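Report on the structure given below.
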Amino acid sequence: MKRILVTGSTGTLGRPVTELLTSLGHDVHGLSRRPGAAYQGDLVTGAGLDAALDRVETVVHCASDTRRQGRTDLPGTRNLLDAAARAGHPHVIFVSIVGVDRIPFPYYRTKLEVEGLIATYGGTIQRATQFHEFALGGARIAARLPLVPAPDVPVQPISTRDVAARIAALVDDPVPGRAEDLGGPEVLRAPDLFRSYLDRIGSRRRVVPVRLPGAAFRAFRNGEHLTPAHRSGGERWSDFLGGTPVKR
C-alpha cells in the first residue's frame, strides 16, 4: 500500500483514478480547489501543498485548466514539484496528451512545457488520446445547431477507466521519463462519432463535416494526435455512449 496524492481529484480523470487506486488498497488523498477533496489546495498559489504532500510516496498529477492553461498549469506544476522536492521527492506521474509535440495548438504547447518540468524533476509522463467525455462534450455542443458541424478529423477516444488502469500500473511499477503512449481501442472519424451521438438522443439533424484551416487542424487531419500502434483493449465509443444517460 502506498500513500498517494491525486491532483484534480474531482475532475474527469481524477475521479476514476482516485476510485481505482483506493479499491486497490492504496491510501489515496485528493487535492482539489473544490469542496469534498481530502485536501483543499491551490496549485497556482501553493496554498495547502506542503500539508497535502506530507508522507506521500506517489503523486498523480491530473489537474489541468483548458481555459487558462498558460496562467495555471505551468505555475501550478512548478509549485507542485517544488513542494514535492521539499517533501522528499515522491514519484510524480503526469497525464499528458498524445501529439503535444506535433500539433501547434496553444493548450498542447503548454502541456509540452509541463512535460519538460516533469522530466527535469525525474517523474513519469503518460500520454493518452482524448477521453470519451471530451468527444461527447464536443458532440453535445455541436448538436445544439440546426446543422451539426463536425471537424473532419480522425479520433481515437479512450475511457478514463482505461487510463486509470495504466496509472495504477505505473504506481506499482514506476517508469522513469515517458511511458508508452496509450490510445483508445479504435480510430473513428469525428463526423461518424457525432452521428452516433445524434442517433443515441433520437435526433435526425444532419451532420456536416467541416474542414478547418490552420496548421493545428492540418496536424489533426493527418492524425498526429493518434497512436494506433498502442491501442487499449478497453471500452469502445459505442459502449461508452450506450451507457451514457440521454442528455441533449
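All values derive from a computational prediction rather than experimental measurement.
- Of the charged side-chain nitrogens involved, at least one lies within less than 4.0 Å of a carboxylate oxygen, so that R3 and D27 count as a salt-bridged pair.
- Contact record, P154 with G223: CG-CA, 4.2 Å, taken as the closest heavy-atom pair.
- The shortest side-chain heavy-atom distance between Q40 and S32 does not fall under the 4.5 Å cut-off.
- Between I97 and Y107, the closest heavy-atom pair is CD1-CE2, 3.7 Å.
- Under a 4.0 Å N-O distance rule, the pair E186/R236 qualifies as a salt bridge.
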If you apply the rule side chain to side chain contact (heavy atoms under 4.5 Å, CB included), what do you find for H61 with I93, and how did you get there?
CA-CA 6 Å; H61 188 21; I93 302 170; over 6 Å; no
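- Using a 4.0 Å cut-off between a side-chain N of Lys or Arg and a carboxylate O of Asp or Glu, E115 and R127 qualify as a salt bridge.
- Between the side chain of K2 and the backbone N or O of T58, no donor-acceptor pair lies under 3.5 Å.
- Put simply, the side chain of H132 does not reach to within 4.5 Å of the side chain of I158, judged on heavy atoms.
- I103 CD1 to L112 CG: the interatomic distance, rounded to the nearest 0.5 Å, is 11.5 Å.
- To the nearest 0.5 Å, the span separating CG on L43 from CG on L81 amounts to 10.0 Å.
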Intermediate values then yes/no, salt bridge (Lys or Arg N to Asp or Glu O under 4.0 Å), R221 and D152
CA-CA 7 Å; R221 286 196 300 273; D152 194 13; over 6 Å; no
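- Residue pairs that meet the side-chain hydrogen bond (donor to acceptor under 3.5 Å, both in side chains) test with at least one member in residues 161-175, sequence neighbours left out, are Q126-R166, R161-E235.
- The CZ atom of R15 sits 15.0 Å away from the CG atom of L20 when rounded to the nearest 0.5 Å.
- Separation of the F220 and F217 ring centroids falls under the 6.0 Å cut-off.
- Annotation for L198 and A143: closest pair CD2-CB, 3.8 Å, computed over non-hydrogen atoms.
- R140 places no side-chain N or O within 3.5 Å of a backbone atom of G137 that could act as its donor or acceptor partner.
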ring-ring contact (aromatic ring centres under 6.0 Å, His included), that's the test. Do H89 and Y121 meet it? Break it down for me.
CA-CA 9 Å; H89 212 89; Y121 173 87; 3.9 Å; yes
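- A salt bridge is defined here as a Lys NZ or Arg NE, NH1 or NH2 lying under 4.0 Å from an Asp or Glu carboxylate O, and R86 with D50 meets this definition.
- Residues D73 and T110 have side chains that never bring a donor and an acceptor to within less than 3.5 angstrom of each other.
- Residues V114 and L74 have side chains in contact (heavy-atom distance under 4.5 Å, counting atoms from C-beta outward).
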Report the C-alpha separation of R195 and D192 in whole Å, then their side-chain angles, then the decisive distance to 0.1 Å, and conclude whether the salt bridge (Lys or Arg N to Asp or Glu O under 4.0 Å) test is met.
CA-CA 5 Å; R195 287 189 191 98; D192 295 332; 2.8 Å; yes
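- Looking at heavy atoms from C-beta onward, V171 lies in side-chain contact with H26 at the 4.5 angstrom threshold.
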V163 vs F131, side chain to side chain contact (heavy atoms under 4.5 Å, CB included): CA-CA, chis, key distance, verdict
CA-CA 9 Å; V163 179; F131 303 151; 3.9 Å; yes
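- Note on V207: it clusters hydrophobically with V155, by side-chain heavy-atom contacts below 4.5 Å among ILVMFWY residues.
- Linking ILVMFWY residues whenever their side-chain heavy atoms come closer than 4.5 Å, directly or via other members, leaves V153 and L226 in distinct clusters.
- Residues T12 and E133 bring no donor and acceptor atom of their side chains to less than 3.5 Å of each other.
- Remark: the backbone N or O of Q156 is paired with a side-chain donor or acceptor of T129 at under 3.5 angstrom.
- A donor-acceptor pair shorter than 3.5 Å cannot be found between the side chains of T18 and S9.
- Taken from OG1 in T227 to CD in E180, the straight-line distance is 7.5 Å, to the nearest 0.5 Å.
- For the side-chain contact (heavy atoms from CB on, under 4.5 Å) criterion with T7, the lone passing option out of L49, L31, V92 is L31.
- Looking at D42, its side chain does come within 3.5 Å of a backbone N or O of V44 through a donor-acceptor pair.
- V59 places none of its side-chain heavy atoms less than 4.5 Å from the side chain of H91.
- Linking ILVMFWY side-chain heavy atoms closer than 4.5 Å, directly or via other members, places F105 and F134 in two distinct hydrophobic clusters.
- Side-chain contact between K111 and F94 is present, with heavy atoms from C-beta onward closer than 4.5 Å.
- The OH atom of Y197 lies 10.0 Å from the CZ atom of R205; values are rounded to the nearest 0.5 Å.
- Here the straight-line distance linking atom CG of L188 with atom OG of S196 works out to 7.5 Å at 0.5 Å rounding.
- Shortest non-hydrogen contact noted between A135 and L193 is CB-CD1, 3.9 Å.
- Although no hydrogens or angles enter the test, the distance criterion places a donor-acceptor pair under 3.5 Å between the side chain of R102 and the main chain of E224.
- Across every non-hydrogen atom of P16 and G11, the tightest pair is CD-O, 4.4 Å.
- A distance-only check finds no donor-acceptor pair linking the side chain of H225 to the backbone of V98 [under 3.5 Å].
- Counting only heavy atoms from C-beta outward, the side chains of L182 and S232 approach each other to under 4.5 Å.
- By the 30° and 60° cut-offs, the orientation of the rings of W237 relative to F240 is tilted.
- The closest side-chain heavy-atom distance from V60 to V28 is not below 4.5 Å.
- Nearest heavy atom pair, residue P151 against residue L212, reads CB-CD1, 4.2 Å.
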